[in-house]
Amino acid sequence: MRWSQTFIPTLKEAPKDAEAVSHQLMLRGGFIQPLSSGLYIYLPLGNKVLDKVSRVIREVLGEYGAIELSMPALQPKSIWERSGRWETMQDIMMKIRDREEKEFILGPTHEEIITDLVARRVFSYRQLPLNFYQIQTKFRDELRPRFGLVRAKEFIMKDGYSFDLSPAGAEISYQKMYEAYFKIFHRCGMPVEAVQADTGAMGDGGKSHEFIVLTPIGEDMVVKCFSCGYSANLELAERKPKGVPEKQEGDKSHELVHTPNARTIEEVSAFFNAQVWKFIKTLIYIADENEKLAVLIRGDYEVNEIKLKRYLKCQQLRMATPGEIEKATGASVGFAGPVQLNRACRLIADLSLSTLSQAITGANKTDHHYQHVNPGRDFEMNEMADIGTAMEGDACVRCGSALNLKRGIEVGHVFFLGEKYTRKLDAKVVMQDGNESHLVMGCYGIGVSRMLSAIVESNHDGQGIIWPVSVSPFEVIITPVDFSDERTRVESLRIYEALKIQNVDILLDDRDERPGFKFKDADLIGIPIKVIIGKKGLDKNIVEILLRKDGTKTEVPLDKAVQTILETKRLCLEKLNG
RNA sequence: CGGGAUGUGGCUCAGCUGGCUAGAGCGCUGCGUUCGGGACGCAGAAGUCGGAGGUUCGAAUCCUCUCAUCCCGACCA
């Protein structure tokens, strides 16, 4: 491709709306153009990268026996009612009606559709296992789109769905995809890690891993232990709380203190002039609308509702309303405490209470707190569990080393779904023994458009993007120093044509611009292999080959240029595959 | 949906204690000089000052409402 014949609107300065580096660089490099919040035009360059990423995905999934199909983005509401997800996913679905007032949604994902397909067209165990995937536009009514392509209302996703005869078979499918994902992300030049994750509205709390690229703009928090390798999403990361920072004083018995208008931890700690870890926070929850719980946690920790939900094995969990709290504790909001509360509801204590004594708690009496409260002595602690959100410095449950918290972008997610959808949508086959059996499912997503952001976040420098050659919009760029110079033009075109024949995806900057201008543009859009052809070199019968990544420069004789470029490309690709 | 910020040529921004034909840099068009890391000169085109209402002799500037965008939070595959 010649630069003058494509459309690459570069910008010297980044539009002020872009904060994230990846967003800025993709805007400046002419990869995307915003249409509205969370909606982007993929310009020719951005579109090419999407194609390249999709190509890598297709290649790898092909190796693993997955088959591609395409499904409607527009889906009838009824199928979502059948699966029960109309209820659970309503808020994020884009809803529309046709002229007959029939209700539709723009699909946020396709589990229902694929399962229905399998239910209708697959009848025998002989046809299984099956592993389908699609690369398509999906829609979510995001509360807040962010960081360019990281979180958009309309985005491109690869979604895969496996169907097996047994949990054991599904386990194998899951493992295969897990492996394939590493291959895909590595080939795209992304340092990715798999972390244990929550299944959210997708599954039933079964096995699930997220693939995360660590970056400061990530939306997900990952808990990582560098010594034993444990890593999990903060949403479910296990941890051993750190002990309290100071020695506990004496063994005074608990004592009622008048604390007018001190409700929040800040207000109460100011009142007592005590550190937050001296407090026991007492939170009242309602599980599945029928059980009232008091959850106790040390003042410096937060309750992790996902962990709590898993511990309770309940479907729904919510904080109690002020009215319910008053009813349970006999005090207005802000003065709940564990002492004598077990008469009103079940007490669940977080592990962080285990090293605490002489604590401060609400007294279940408006405007009063207790001090010198000892867990176990002043209230029973029959149930202790790890239900707090992990913090930097907590100990790893496996090896005891300190845990680290990192931000990352979720680029992939694999779920073991079991029979959740196949039962609801009645996808079953006749087995060898003649009996019918529901299929066991897994699903596997990759945020394709989001991957562009993630790749740029982990592959850039002060000058611009540095695309891994596997996904770069062009593999090689030829920058003639002065294209109007006869000899330069002839040699540039000769090499350009020769490389094209060799299937090199190549961009020739044939613009009538000053060299510095062209060099800057080339670096900004991030083409990994740069070829510079100019009079100076031609006088010595050489051209220069530079690597965008580290700037290494090789001068090669004219007649070796094509061969050397091919070799350079091969080496770059090899590194990504290895 | 709560908190914060910002809206002035395509992009970045100045002007904002009210005062004449609204400015700069980059970009764009033409001409000339240049040409190995975002050149220079001259000439030019381009702005409903986000929108509506109000105060005033007079509003980009003050007030009210509204819309849009971004950031933090809530939520989320």
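Sequence lines set the chain letters: A, B, ... in the order given, protein chains first and strands last, and positions in each chain run from 1.
Taking only distance into account, the side chain of A:E142 meets the base of B:A77 through a donor-acceptor pair shorter than 3.5 Å.
B:U69: Watson-Crick or G-U partner is B:A5, with both key distances under 3.5 Å.
Residue contacts shown for A:F155 include a base, since a base heavy atom lies under 4.0 Å away. When heavy atoms are screened at a 4.0 angstrom cut-off, A:K16 is found touching the sugar-phosphate backbone but no base atom. Counting any heavy atom pair closer than 4.0 Å across all strands shown, A:A14 reaches sugar-phosphate atoms only and no base atom. Among the atoms of the strands shown, none is found under 4.0 Å from any heavy atom of A:I92.
Summarising the local packing, NZ of A:K77 is surrounded by more than 12 heavy atoms from other residues, nucleotides or ligands at distances under 6.0 Å.
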How does each nucleotide of nucleotides 32-44 of chain B score, in 5' to 3' order, for protein heavy atoms under 4.0 Å: base (B), sugar-phosphate only (S), or none (-)? --BSBBBB-----
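Dashed line: the shortest gap from a side-chain N or O of A:S37 to OP1 or OP2 of B:A68 is not under 4.0 Å. Look at A:R146 and you'll find a side-chain N or O under 4.0 angstrom from OP1 or OP2 of B:C72.
Remark: of the listed residues A:Y178, A:F415, A:F416, A:F416 is the sole one forming a side-chain contact (heavy atoms from CB on, under 4.5 Å) with A:K207.
Judged by distance alone, with hydrogens and angles left aside, the side-chain atoms of A:R511 form no donor-acceptor pair with the main-chain N or O of A:F483 at under 3.5 Å.
With rounding to whole Å, A:R144 atom CZ is found 15 Å from B:G3 atom P.
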